[in-house]
Amino acid sequence: MSVSSFTNPAPDEVLTFLKGVQRIAVVGLSPQQHRPSHQIARVLQRHGFQIVPVRPGVAEILGEQAYSALDQVPGKIDLVDVFRAAEHVPAIVDQALALGIPGIWLQDGVIAPAAAQRAASGGMFVVMDDCLGRFLRRHGRPGPA
């Protein structure tokens, strides 16, 4: 399946979805400040989102308790922001679908069209190969729904 077989939603659709997002699980969030995942998670915090680090072997990142896996995170998750290689995305999509998470965002370079399409077919809001932090810098944080 080629990248062209999956099309990201238009910016206005993304903004509408983000109005309902409060809590974002950041899968692959690095504790190292120079890593893109760390920098983007900071941007998310500055925009008022609660981040939930999902990274094995780490107790806390950016002042938030970390969890080893998505299915270990207590409470509601509105969006999964993925900083993992494409080969890990199908399993992450499986977990997100099983947990009833409404959306998944695959960061720059994370290209998994079949998994993205499966997530969308399962009712999830999906963005692939784009940066959530850059999107927020361009468009701002939408107000609540």
Side-chain angles (χ1 to χ4, degrees), residues 1-4 6-11 13-120 122 124-144:
M1 189 179 274
S2 68
V3 174
S4 63
F6 180 83
T7 303
N8 281 333
E13 294 174 90
V14 176
L15 287 167
T16 298
F17 175 77
L18 289 176
K19 284 181 183 180
V21 172
Q22 296 175 5
R23 196 163 182 241
I24 302 174
V26 185
V27 177
L29 177 52
S30 175
Q32 299 176 15
Q33 293 180 13
H34 70 280
R35 301 291 298 166
S37 62
H38 193 96
Q39 294 167 4
I40 297 307
R42 273 187 160 338
V43 169
L44 297 177
Q45 286 180 320
R46 283 197 298 271
H47 278 87
F49 295 104
Q50 179 190 1
I51 62 148
V52 180
V54 178
R55 173 110 181 182
V58 178
E60 180 182 298
I61 303 173
L62 290 169
E64 299 289 345
Q65 180 177 344
Y67 298 89
S68 295
L70 205 48
D71 60 3
Q72 293 179 358
V73 177
K76 183 177 184 272
I77 298 169
D78 301 307
L79 179 66
V80 177
D81 189 12
V82 180
F83 285 91
R84 297 290 316 270
E87 64 262 20
H88 300 286
V89 173
I92 295 167
V93 166
D94 288 344
Q95 289 177 20
L97 285 168
L99 294 168
I101 297 171
I104 190 164
W105 192 293
L106 306 178
Q107 285 291 143
D108 282 343
V110 183
I111 302 169
Q117 189 59 54
R118 193 161 42 81
M124 293 183 78
F125 187 86
V126 183
V127 175
M128 180 175 70
D129 191 27
D130 198 358
C131 177
L132 180 53
R134 188 173 56 241
F135 181 90
L136 292 169
R137 281 190 220 104
R138 273 193 312 242
H139 301 283
R141 163 108 192 235

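We number each residue from 1, following the sequence as shown. Because only heavy atoms are used, hydrogens play no part in the values below, and waters and symmetry mates are left out as well, while side chains stay in.
- Between Met124 and Leu97 the shortest side-chain heavy-atom distance falls below 4.5 Å.
- Scanning both residues, Pro11 and His139, for their nearest heavy atoms gives CB-CE1, 3.8 Å.
- Here the side chain of Gln95 pairs no donor or acceptor atom with the backbone of Ala69 at under 3.5 angstrom.
- Each of Phe6, Phe17, Trp105 was scored for a side chain to side chain contact (heavy atoms under 4.5 Å, CB included) with Val126, with one residue passing: Phe6.
- Test Val93, Ile92, Leu106, Ile24 against Val80 for side chain to side chain contact (heavy atoms under 4.5 Å, CB included) and you get one pass: Ile92.
- A donor-acceptor pair under 3.5 Å is formed between the side chain of Asp78 and the backbone N or O of Arg23.
- Ser30 places no side-chain N or O within 3.5 Å of a backbone atom of Ser37 that could act as its donor or acceptor partner.
- Formation of a donor-acceptor pair under 3.5 Å by the Asp129 side chain with backbone atoms of Gly109 is found in this model.
- At a threshold of 4.5 Å between non-hydrogen side-chain atoms, the residues Phe49 and Leu136 count as touching.
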* To do: Would you sort out whether Ile61 and Val26 count as a side-chain contact (heavy atoms from CB on, under 4.5 Å), showing the intermediate values?
  => CA-CA 11 Å; Ile61 303 173; Val26 185; over 6 Å; no

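- Closest heavy-atom contact between Leu15 and Gly140: CD2-O, 3.8 Å.
- Two residues are said to be in side-chain contact when any heavy atoms from C-beta on lie closer than 4.5 Å; Ile111 and Met128 meet this criterion.
- A donor-acceptor pair under 3.5 Å links the side-chain atoms of His47 to the main chain of Val43, judged by distance alone.
- Under the side chain to side chain contact (heavy atoms under 4.5 Å, CB included) test applied with Tyr67, the options Pro74, Pro53, Pro56 reduce to a single match, Pro74.
- Among all heavy-atom pairs drawn from Ser68 and Gly57, the shortest one is OG-N, 4.4 Å.
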